[in-house]
Amino acid sequence: RGIIVKRIDDDWRAHHSSHADVNSSEVKIFFTLSDLKVENKMALYLPIEDHSNYAHFLPREEADSFPFSFKQLPYILELTFILRDSPQAKAMEDTLRMCKTDPIKDEIKTCATSLESMLDFAGSILGSETSFKTVTTKSTSNTFQNFTILEVQEISAPKMVACHYIAYNPNNPDHLSFQILGLKPGTIPVCHYFPTDHLVFVPAPNLK
């Protein structure tokens, strides 16, 4: 499901999924489907990302020639001159560890290493002849803000593809989302706003 909320002149979108980061102030992004009511208010933290320090996508040929596995992490750190105990090394370790985990039930997962491979994966799921668009979240502030839901729009698509770093176990009662919402696994769906710079690929005809 997707919703549009608005504060002053800022439009926002949200998507049904899950997210967990115990040490993050993003805990207020969790909600349930019953919260999706027009005029309902939510306090959200969706920080502005500084893209100047972001690494750019590598071309497929270069990306495919680079090692990409958890077992090869020491070699990768050596190649990139990154210190083992640095924040960058921890981020790389987390990503590679996530990539080697099995998908949850009914999930098809890949770890794209280039823009071409990401688009190829989206096309393989949505259909090679299907035109698709991307949906993301816009951010204009680094503080918590109150948003009012002006409209609820369901995106009726049989399939969607999310480019999203996620650590989620639907059967883990200690997952942050269940703790925040006071829920137990297997009861009702848990939703969250997609963080900024995370993407959802949706068939174009299904977006108005």
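The analysis underlying the following values was restricted to heavy atoms, covering all of them including side chains, and did not include hydrogens, waters or symmetry mates.
In this structure the side chain of Leu183 reaches within 4.5 angstrom of the side chain of Ile188, judged on heavy atoms. The side-chain heavy atoms of Glu116 and Leu119, taken from C-beta on, include no pair separated by under 4.5 Å. The shortest side-chain heavy-atom distance between Val202 and Lys133 does not fall under the 4.5 Å cut-off. In this structure, Ile125 and Phe201 have side chains that are not in contact, with every pair of non-hydrogen atoms separated by 4.5 Å or more.
Pairs engaging residues 120-132 under the salt bridge (charged side-chain N to carboxylate O under 4.0 Å, His left out) rule: Arg60-Asp120 [sequence neighbours left out]. Pairs engaging residues 33-48 under the salt bridge (charged side-chain N to carboxylate O under 4.0 Å, His left out) rule: none recorded [sequence neighbours left out].
With Glu107 contributing its side chain and Ile104 its backbone, the two residues share a donor-acceptor pair below 3.5 Å.
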Derivation of the side-chain contact (heavy atoms from CB on, under 4.5 Å) call for Val38 and Glu151: CA-CA 6 Å; Val38 175; Glu151 183 181 1; 5.6 Å; no

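Shown here for Pro173 and Phe178, the closest heavy-atom pair between the two residues is O-CB, 3.9 Å. Closest approach of Ile76 to Met92, counting heavy atoms only: CG2-CE, 3.2 Å. Between Phe30 and Leu181, the shortest heavy-atom contact is O-CD2, 4.0 Å.
Considering only residues two or more places apart in sequence or on other chains, Lys184 meets the side-chain contact (heavy atoms from CB on, under 4.5 Å) condition with Thr187. With sequence neighbours excluded, no residue satisfies ring pair (Phe, Tyr, Trp, His ring centres under 6.0 Å) with Phe121. Under the side chain to side chain donor-acceptor pair (under 3.5 Å) criterion, Ser117 pairs with Ser114, not counting sequence neighbours. Residues meeting the disulfide (SG to SG under 2.5 Å) test with Cys163, sequence neighbours left out: none. Judged as a side chain to side chain donor-acceptor pair (under 3.5 Å), and not counting sequence neighbours, the contacts of Ser34 are Thr32. Legend: residues meeting side-chain contact (heavy atoms from CB on, under 4.5 Å) with Asp94, ordered by chain and number and at least two apart, are Lys90, Tyr165. In this view, Thr101 and Met98, Lys109 satisfy the side-chain contact (heavy atoms from CB on, under 4.5 Å) rule, not counting sequence neighbours. Considering only residues two or more places apart in sequence or on other chains, Leu83 meets the side-chain contact (heavy atoms from CB on, under 4.5 Å) condition with Ser86.
Through ILVMFWY side-chain contacts below 4.5 Å, Leu58 is grouped with nothing and stands alone.
Using a cut-off of 4.0 Å between Lys/Arg side-chain N and Asp/Glu carboxylate O, Arg84 and Glu93 are scored as salt-bridged.
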Using a 3.5 Å cut-off and no angle test, enumerate the donor-acceptor pairs between side-chain atoms of residues 62-69 and protein atoms at least two apart in sequence or in another chain.
{"residue": "Ser65", "atom": "OG", "partner": "Glu62", "partner atom": "O", "Å": "2.7"}
{"residue": "Ser69", "atom": "OG", "partner": "Gln72", "partner atom": "N", "Å": "3.4"}
{"residue": "Ser69", "atom": "OG", "partner": "Gln72", "partner atom": "OE1", "Å": "2.9"}

